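These numbers come from the heavy atoms of this one structure, side chains and all, not from hydrogens, waters or symmetry mates. Note that the structure is predicted; figures quoted are calculated from it, not measured. Letters A, B, ... mirror the listed sequences (proteins, then strands); counts begin at 1.
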Amino acid sequence: MELEKVDILVEDIVKPENLVYRRPSTLIDVDMHYCPGCGHSTVHKIFMEVVEEMGIQHDIIGVSPVGCSVFAYNYMDVDMQQAAHGRACAVATGIKRMLPDKYVFTYQGDGDLAAIGGNETLHAANRGENFLVIFINNAVYGMTSGQMAPTTIEGMVSTTSPYGRDTKTMGYPLKISELLAPLPGVAYVTRQAVNTVQNVRRAKKALQRALEYQKMGLGFCLVEIVSNCPSNWKMTPLDSNKFVQEVLIPYYPLGDIKVPEVKK
Amino acid sequence: MELEKVDILVEDIVKPENLVYRRPSTLIDVDMHYCPGCGHSTVHKIFMEVVEEMGIQHDIIGVSPVGCSVFAYNYMDVDMQQAAHGRACAVATGIKRMLPDKYVFTYQGDGDLAAIGGNETLHAANRGENFLVIFINNAVYGMTSGQMAPTTIEGMVSTTSPYGRDTKTMGYPLKISELLAPLPGVAYVTRQAVNTVQNVRRAKKALQRALEYQKMGLGFCLVEIVSNCPSNWKMTPLDSNKFVQEVLIPYYPLGDIKVPEVKK
Amino acid sequence: MAKVVGDVVIDIERCKACELCVQACPEHTLALGKQLNHKGYQYVVKINDNCTGCVNCAIICPDAVITVYRKVYKTKQEVPA
Amino acid sequence: MAKVVGDVVIDIERCKACELCVQACPEHTLALGKQLNHKGYQYVVKINDNCTGCVNCAIICPDAVITVYRKVYKTKQEVPA
Amino acid sequence: MGEIKLMKGNEALAEAAIRAGVDAYFGYPITPQSEIIEYLSREATKRSGMLVLQAESEVAAINMIYGAAGCGKKAMTTSSSPGISLMQEGLSYIASAELPCLLANVNRGGPGLGTIQPAQGDYFQATKGGGHGDYHLLVLAPYNVQEMADFVKLGFELAFKYRNPVMILADGALGQMMEKVELPPPEPRRHIEFPWATTGKPKNGERRVITSLHIEPEKMEEINLRLQRKYKQMEEEEVRFQTINIEDAEYIFTAFGLVSRIALKAMELGRKKGYKIGWIRPITLFPFPKKIFEEVASKVKGILDVEMNAGQMVEDVKLSVCGKTRVEFYGRMGGVVPTPEEILDNFEKMFIKGE
Amino acid sequence: MGEIKLMKGNEALAEAAIRAGVDAYFGYPITPQSEIIEYLSREATKRSGMLVLQAESEVAAINMIYGAAGCGKKAMTTSSSPGISLMQEGLSYIASAELPCLLANVNRGGPGLGTIQPAQGDYFQATKGGGHGDYHLLVLAPYNVQEMADFVKLGFELAFKYRNPVMILADGALGQMMEKVELPPPEPRRHIEFPWATTGKPKNGERRVITSLHIEPEKMEEINLRLQRKYKQMEEEEVRFQTINIEDAEYIFTAFGLVSRIALKAMELGRKKGYKIGWIRPITLFPFPKKIFEEVASKVKGILDVEMNAGQMVEDVKLSVCGKTRVEFYGRMGGVVPTPEEILDNFEKMFIKGE
Amino acid sequence: MTHETVFSGFGGQGVLTMGMILGYAAIFEGKEVTWMPSYGPEMRGGTANCITIVSDEMISSPIISKFDTVVALNQPSIDKFEKAVKPGGNILYDITTTLKPPTRSDIHIYSLPAGDIAVELKNTKVLNMTMLGAFIKITGVVKIESIWKGLEAVLPERYHKLIPLNQEAFMRGYNAINVDSAVLI
Amino acid sequence: MTHETVFSGFGGQGVLTMGMILGYAAIFEGKEVTWMPSYGPEMRGGTANCITIVSDEMISSPIISKFDTVVALNQPSIDKFEKAVKPGGNILYDITTTLKPPTRSDIHIYSLPAGDIAVELKNTKVLNMTMLGAFIKITGVVKIESIWKGLEAVLPERYHKLIPLNQEAFMRGYNAINVDSAVLI
Ligand SMILES: Cc1ncc(C[n+]2csc(CCOP(=O)(O)OP(=O)(O)O)c2C)c(N)n1
Ligand SMILES: Cc1ncc(C[n+]2csc(CCOP(=O)(O)OP(=O)(O)O)c2C)c(N)n1
Ligand code: SF4
Ligand code: SF4
Ligand code: SF4
Ligand code: SF4
């Protein structure tokens, strides 16, 4: 009888007309190599949802970094280029200047964007290059397995700060969003997260807004996402999201840092 | 009789005990290759005065850039290293980390420090490297004869912005001092000029303070000097200093941007 | 008063057992099962029928493993007991 | 009341004739001369004796060409007419 | 016949780029080639709509090229020795991702900051791959201002034929000197859709991915084998060189670029003195004209290779003749340009008095 | 006898650096050698006071080395292929300014981002100078974990003897594999005052200037001539290699690094089959052991050179034998490691069946 | 004599440690050893393995594709490496977690309930030691005493109190194997 | 026939232009030309020069150290290049600004008051044309008509109104030289 009821319900509900969520068609139907619970997967998913909903799959070119998300091109069903470590913003500049009518985005980790790629990021922002930078801040070098990133917070342990980051000798955690926001070429800067259902919803909206601003030609848009790295943090996915909430977000507060006035 | 009086006066006054200004002994007694009226010469001179007055000639190591001031080592009578274009702050990091008890400074132009060297500058500042950066902002690439620099102001003509800098496509003039000042590793940021007697006096004081802060181990000190480039601006030295006063300084206002509280 | 009934379909081979959905589900409908999938993960299963189709699990799921369906029954309409 | 008398010594071979000192001198004591130095510059010369040793010229001179001397004569003391 | 002008090599190269319908130039100033970006900044955008962007560095410039070339556009950059060194990672990526582009190295005296005077010390870097991994640029060595112009169009044709970066290896003198140059009529810029270029996923068709990452060694080896096949094909189809007087030659003077002209003059002086000297000028440095050297090797008493470096191309000459004749080297370094007289002197010391 | 441990090549190199009294390590993580900076971050500072700084990039790292080396300190960095490409400008400066330092390239499969598996595709870059101008690194090629450790001390001795950068050219396997290693007792770090080092102008004496800029070509040529003399001296005094069974050899297998071990096994298999095969392992890749190849050339029927690349060291082998014997190449690329069996097969195809 | 082994399982199961203990043990017996881990992004959440070669003479390459013995701690490892066993070689697997056992008829197939044993020992972390014990029983590559020394060398000081437990786990595995029990279909 | 000349003076005196006008003139006569400027930081405020080679055959190197003719527009140029004149070659200088004239006895030494002439023409900018005129009179490397064409090619359109003035300056220099007037001590 229990069983039966279930059957009825399922039969009843699992029908196309009742569908309320499915994997976006723009996300290629393969396993993602990311670790269980990794924010990269989540961001890939919601960004591809945005691309699908805006119907721009054929009008967007992406740049993947060197980092765990180097393989973004295996999952995002759009034209993509893989950039040398840190140079995504230079590569995107080359693309956007050649194809000004297309949407262009880079997807970069914190080591890629803020360490080796600091200059390309700074100058693309300062030139007001009209593309979107999706900046995954997980406070660590994931792919190379756990070294300190520019964003690693004070005292945080990593394989190259085994006794905790000592700001006296290793420098301070870089707040890229706050650093770039004041530049006149920068149109939109926001910091989001994907560690809770509500944050995922907000992050998705931010990504969509950024693409709309690009359409309007407003300039450089940066969407920072405070993310996790359960594997290198040596935490369960659930704990890692808790760490994001309780430790990272207080240091990297969420919300819009710069928003363009849009004349309607 | 006229003549006589002069003779008397001269005889009377040109005596060691009446000396009120002479070339600093720390400035090597050779012609400087700089163009007539170039601010580089002035800054070399006053910085060497500071080194002489502080009596630190034997305890300071300098880093010269690639730019017109590449030859600073021919004029400053202190140990010096010549750094690859833009890498002075990395080289200085190597020196200071090895010799923490010595004074270390870099001397860089705007192309060197802000264009190709942006990342080394940013990260040295963020690490709070305890050395002095003397930043000569003449809004142009001098040595390579007049191309646009990151600091070239809007509409300004250069050999690579022959129709004036168009911020839409070439980016906005970078205010390096304002960009770096907020970083926690940065102790002291000031913007000075050497286009008037009074400004020269102030600039000299700023350089001295920066070295005192370094002595106290307070961290990264940046002394920006808004300077001229008569040759590439195609102006007389006098006009170029007028241009500094009337056009550059309004965009790059002089004064301290960040000052450490020094506990006595 | 309307009753909302939902259901989820889990692509078990894609699940990495991160448990984010388990925590996100207000109805405690999901939990790690006993079986391993080919990747060696103890994939998530449904453990009750309280799903309301709120899509929280699907939204939080990094790997887009969960498809969600939902139906609103008007009061008039007869609800399967 | 005291009188201040100054004088400058110009290292003419170092001068690049940029004229910054000329403008900086409140006493208009300096001006470009007629002669060229070996570098081909029309180096600066003294054109009057009003120098007060204010060192403005020396401070503004990029090439540290000018040495300045100065003496203060007490009223008591006889000043060369 | 095209327009005749008196132009600097740098200007001629820039003018040729405009006339070849190049889509984008990304570069960073450096002596002795800054005239290129300056000329383009003045002329290019207003005349052909070419994009001219002064990058923040050479590292940025070469990666902008990667992006633009990945869209199937004609993109180029130019620099001089230190700047080219900074592009090595980017070039390795471009070669591995098989993107077409053109760059010019107006070689100055090294190593280090060196001098801004002409030199050829970057031959190894250009031909053996200064970057990591097994890749080659296709390298063209102009010897006058005319070729500084001509090799732009040729360079892009080859770059797109092979989807491989092409380098024009010049030197400070070729960049700074003025000579007579005949310019071709301008071609319009035209957009071509390439199946591999990322211009937005086709409505009907697969998405395009430009990458050089292949985690499985087997896959990466395949890529390498494809590259090697390409280089083989270049060796078969693209070798270019020029010879004079080799028919009756007992000795050969060989050199590339500007120096080849000086060696040619030295040959003439030598002929006047009765020495049967011939002259070979490699035009493509990679692929290197092995065969012609192999051929003459068995016929001549010796080859004198002259370069403005410590002896680099001479290794390729030796590899070509492979012991069949004597190969000597004479070089000047650090920006010093040899004279025809000193070349002949040294030839006599090495080969004549020696005998 | 020192301590015996089972260690990864990367760890052994790091441990050896601590024991050699190295003053500073500047580096940026990259697979397959990140264990080096990780190990040093854990161990070095607390044990020897060595400075360990994670730089913002390889470009920054190599220029930090320049600064530290300019103070007369023992400074080192390590990276892998793409990271080494980014250091080319800096290396050219360091070589030109004649500063001593040690770097290691744990070579991975290229070109481009490539793979992280072992490869030897950076031989040209390491030995011919991937940067601009005529300079050379002194290149040491370890073939086991023991040498990964031993070459650190040796490397610094040579670096300071010649005031020249020294590179340890390894590969991903040597970095990742564990083997038995015997470690020497630790040496203290000691400060030595060098007359050329910038440590503050001496009270009695000239100021020190470290530069690679010499505007007059004549001066820059002098610098180059001095460098060339240094490289000559290296060729006379520092050549290192190892041979087995060359006395009666009719054929030679040659290879460097890890592959030389595989070639050695192939030799043994070949000997079992009755082929008189000898083995030569170059240990210094620059200076290259020309003489030994010259010597054997006249005695053997052929040389088989095996590398994990498309054929790079083989050019130096050919230049050494200069036509006196047949030289064949067998290589795998992109991270694929050859087996002894396939080497022997190919030897037979090339030399035996061929005959 | 040369013995070429691959230890394979999920990350976290301690397969790399198995190779290291064997490696140290061999060194203490004056043998040559190479130990080569799988590395790189394919690690991400997936399987880990290490190739350990023990020999009396110098070892040429640490990277090989055929093995004398495959020690598989999970199903994916069996699937991946069964075909890599040299004819006449061994494959050893944990029966508790295995759905599809090896099927080749030209190799020796050994199994034991390592999972159950670990549960009995109330510490799943020592499963690898149990498998190592079985491995030594089968191959005899090194002596048991050498393994004890290897264990000591590999375990950080602070875990040395766990040595007895590890030894027990090892012996349980060692004894669980009857060398003649190899399935040779 | 090949003629190798260096034009030298202060930056701003238009020495580079002299070489370019000569260069174009030679091209119009179907000759080969190379023009090589001094470049680099040594320019800073100092002297500028350009080596211009005109020949009937291909020119090997644009960079040479001995010249058929040296045209010196200031004292430093005389000091620097007098020794670089080939024996039997020419040096031409502006007497108005010269303190230490050339002294070699194995070369032809020509001078003219170019400065004064320029002052008379109320435009010091044309001093270089006056010197060029003298140079052509002495060497006859190209025809005067060719120089006119070269002038047109080199002067930007907007300055073409100045062509007559330049021509006059050129002719003044041309006529100021009596070819036999060369001092040959
Ligand atoms: C030139 C160069 N240097 C270093 C590396 C090695 N590397 C690969 S990814 C990476 C950092 C990745 O960290 P991050 O950018 O934060 O991305 P994540 O993996 O954390 O998502 C590094 C240093 C490289 N591939 N190329
Ligand atoms: C890698 C590299 N790129 C470019 C150059 C060429 N270069 C020399 S100086 C310079 C810019 C100088 O401008 P700036 O830094 O503003 O100093 P200034 O000369 O104005 O004082 C450039 C681009 C170089 N030497 N090395
Ligand atoms: S290593 Fe970290 S960042 Fe990379 S996939 Fe795993 S969890 Fe994500
Ligand atoms: S070019 Fe400009 S910056 Fe350089 S020395 Fe001359 S005036 Fe000064
Ligand atoms: S969130 Fe997705 S991957 Fe994670 S346990 Fe739930 S279904 Fe599996
Ligand atoms: S300021 Fe100095 S250089 Fe300039 S004119 Fe006066 S004395 Fe001469």
Between A:Q214 and A:N130, a side-chain donor and acceptor under 3.5 Å:
no

Do you know which of B:L174, B:L122, B:T167 has the most heavy-atom pairs under 4.5 Å to chain A?
B:L174

Those residues of residues 87-121 of chain B that come under 4.5 Å of chain A on a heavy-atom basis, listed by number, are B:R97, B:A114, B:A115, B:I116, B:G118, B:N119

Is A:R202 salt-bridged to A:D256, going by a charged N under 4.0 Å from an acidic O?
no

Among residues at least two apart in sequence or on other chains, which ones pass ring pair (Phe, Tyr, Trp, His ring centres under 6.0 Å) with B:F220?
B:F131

Side chains of B:M54 and B:Q208 in contact at under 4.5 Å (non-hydrogen atoms)
yes

Please indicate whether B:K258 has more than 12 foreign heavy atoms, meaning atoms of other residues, nucleotides or ligands, lying under 6.0 Å from its NZ.
yes

Could you check whether any side-chain heavy atom of A:N195 comes within less than 4.5 Å of a side-chain heavy atom of A:L248, counting everything from C-beta outward?
no

Where do A:M148 and A:S158 come nearest, in terms of heavy atoms and distance?
N-OG, 3.1 Å

Please report the C-alpha distance between B:S227 and B:N138 in whole Å, then the side-chain angles of each, then the deciding distance to 0.1 Å, and finally whether the side chain to side chain donor-acceptor pair (under 3.5 Å) criterion is met.
CA-CA 5 Å; B:S227 189; B:N138 60 7; 5.8 Å; no

Please output the residues of residues 175-190 of chain B in contact with chain A, using a heavy-atom cutoff of under 4.5 Å, in numerical order.
B:L179, B:L183, B:P184, B:G185

So does A:E154 pair up with A:R165, basic N to acidic O under 4.0 Å?
no

By the ring pair (Phe, Tyr, Trp, His ring centres under 6.0 Å) test, which pairs, at least two apart or in different chains, include something from residues 147-184 of chain A?
none

